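Nothing here was measured: the structure is a model prediction, and the numbers come from that model.
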Amino acid sequence: MRIRRISFFASLCVAFFAGCASPPPPKAPDPSDLLGTANYLRERVYSGDVGSFYRSLPESYRQNIRMLGSVAARSLDDDMWLAFQGLWLDVALLFDKQSSRIADFLTEEPLPYPTREQFLTVRAYDIRQLGRSLSKTVRQLDRTALREGKIESVLDSEGIQETVRLILQLGKRSGRWLEPLRAAEDSAPETLNMVYWVGEQQVTNRVEWTNVEGRWVPQTVAAAWPFLAGDALSRLEALPKTDRDRAQFLLHVWAIRKQIRLMSEADSQTEFESILLPFLRTWL
């Protein structure tokens with residue numbers, strides 16, 4: 001579906017692009033030091049310094065990101081861009097109005113969050129903050145700069161930085177505490193133990209790292225990156241180009257916005273979920 005292609009681009013933008021042009025971070029450790037590099041990045045991400053993460057990527061990865069941003073800007077005409085902006089603003093309003101009900105919905109099994117009471121004490125306020133920040137971000141996006149390939153002027157937006165910082169806080173406060181990475185015993189030097197907590201439950205995963213262009217990245221990421229970048233590009237290039245296809249796309253966006261507005265106006269948890277569940281089945 002065309003809207004899924006657009007949502008793929010949006011998630012890629014927010015999750016990976018944000019913070020590219022932030023101020024220079026503290027001096028990074030020796031790139032050959034895997035353990036030091038991994039924990040340096042972990043600390044920078046926890047502090048909201050997403051720019052450090054972007055700069056840690058191999059140059060070919062960053063080239064892919066800049067290319068995807070440029071292609072996406074050229075693929076969206078003004079009507080589609082404004083419709084997508086409106087969609088983001090509707091989502092921000094939904095977060096702001098229905099924060100507690102969204103939090104309730106997310107704590108249902110099988111999602112491994114803490115108890116509902118623990119979750120709501122931190123999550124409702126943070127989701128409202130996230131909604132306001134998301135609204136600010138949308139208003140600060142500079143599509144002209146994107147179209148001209150000046151990605152940094154968009155990524156330097158304080159709204160984007162704040163949104164990413166809040167998203168990171170949401171993950172941390174919901175009980176997912178990530179301890180410093182450490183070398184895994186009886187394993188290759190490139191294998192690190194990643195230990196995090198889900199509520200009171202400790203989870204340990206082993207992560208294999210590999211060196212790409214002098215930068216350490218998880219091996220699974222290195223293996224998947226060419227396919228992810230290629231798939232994202234093909235989806236962007238498949239965006240509607242004719243007037244008829246663009247009209248159909250805008251119709252999809254209008255339908256989604258209508259459902260989101262209904263959810264934001266729900267008066268009870270039951271009403272909220274009765275709208276949300278069909279929405280998820282239809283669009284996800």
Side-chain angles (χ1 to χ4, degrees), residues 1-22 50-51 54 62-97 130-164 166-167 228-265 279 282-284:
M1 298 174 103
R2 295 185 179 93
I3 190 61
R4 294 179 66 181
R5 298 178 187 130
I6 280 291
S7 62
F8 181 91
F9 158 64
S11 61
L12 192 61
C13 281
V14 174
F16 290 99
F17 299 3
C20 167
S22 56
V50 185
Y54 178 88
R62 284 178 281 167
Q63 287 178 356
N64 289 155
I65 290 174
R66 290 192 291 267
M67 172 193 65
L68 289 170
S70 179
V71 172
R74 293 194 304 270
S75 300
L76 288 168
D77 63 25
D78 289 339
D79 286 342
M80 292 165 62
W81 176 256
L82 291 174
F84 197 47
Q85 274 193 335
L87 181 59
W88 279 2
L89 290 172
D90 286 343
V91 171
L93 180 64
L94 173 64
F95 279 144
D96 200 32
K97 284 188 175 180
L130 178 59
R132 285 190 286 270
S133 181
L134 181 58
S135 176
K136 178 182 176 183
T137 300
V138 171
R139 292 188 175 94
Q140 289 186 342
L141 285 174
D142 179 2
R143 183 165 183 258
T144 302
L146 267 176
R147 186 187 288 133
E148 295 173 356
K150 300 175 182 177
I151 306 299
E152 288 76 9
S153 67
V154 178
L155 302 183
D156 200 26
S157 161
E158 292 180 2
I160 292 180
Q161 291 278 0
E162 178 68 7
T163 299
V164 174
L166 286 166
I167 291 173
L228 288 174
D231 184 57
L233 181 62
S234 66
R235 289 174 183 269
L236 288 170
E237 291 176 339
L239 284 171
K241 296 179 176 61
T242 67
D243 290 341
R244 179 178 178 180
D245 287 341
R246 282 195 291 269
Q248 187 68 28
F249 169 83
L250 292 172
L251 183 63
H252 284 310
V253 174
W254 178 84
I256 291 176
R257 292 187 62 182
K258 181 178 179 180
Q259 290 174 298
I260 289 176
R261 290 193 200 103
L262 288 174
M263 282 187 281
S264 69
E265 296 167 0
F279 172 81
T282 302
W283 297 107
L284 299 184

Could you tell me which non-hydrogen atom of [X] sits nearest to which non-hydrogen atom of [Y], and how far apart they are?
| X | Y | result |
| --- | --- | --- |
| Leu236 | Ser75 | O-OG, 3.7 Å |
| Leu233 | Met67 | CD2-CE, 4.1 Å |
| Arg257 | Leu87 | CG-CD1, 3.6 Å |
| Arg246 | Pro240 | N-CB, 3.6 Å |

Atom [atom1] in [X], atom [atom2] in [Y]: separation rounded to 0.5 Å?
| X | Y | atom1 | atom2 | result |
| --- | --- | --- | --- | --- |
| Ile256 | Phe84 | CD1 | CZ | 9.0 Å |
| Asp77 | Leu250 | CG | CG | 7.0 Å |
| Asp90 | Met263 | CG | CE | 10.0 Å |
| Leu94 | Glu265 | CG | CD | 10.5 Å |
| Leu93 | Leu89 | CG | CG | 9.0 Å |

Query raised in the report: Is there side-chain contact between Arg62 and Arg66, with at least one heavy-atom pair below 4.5 Å?
Result: yes
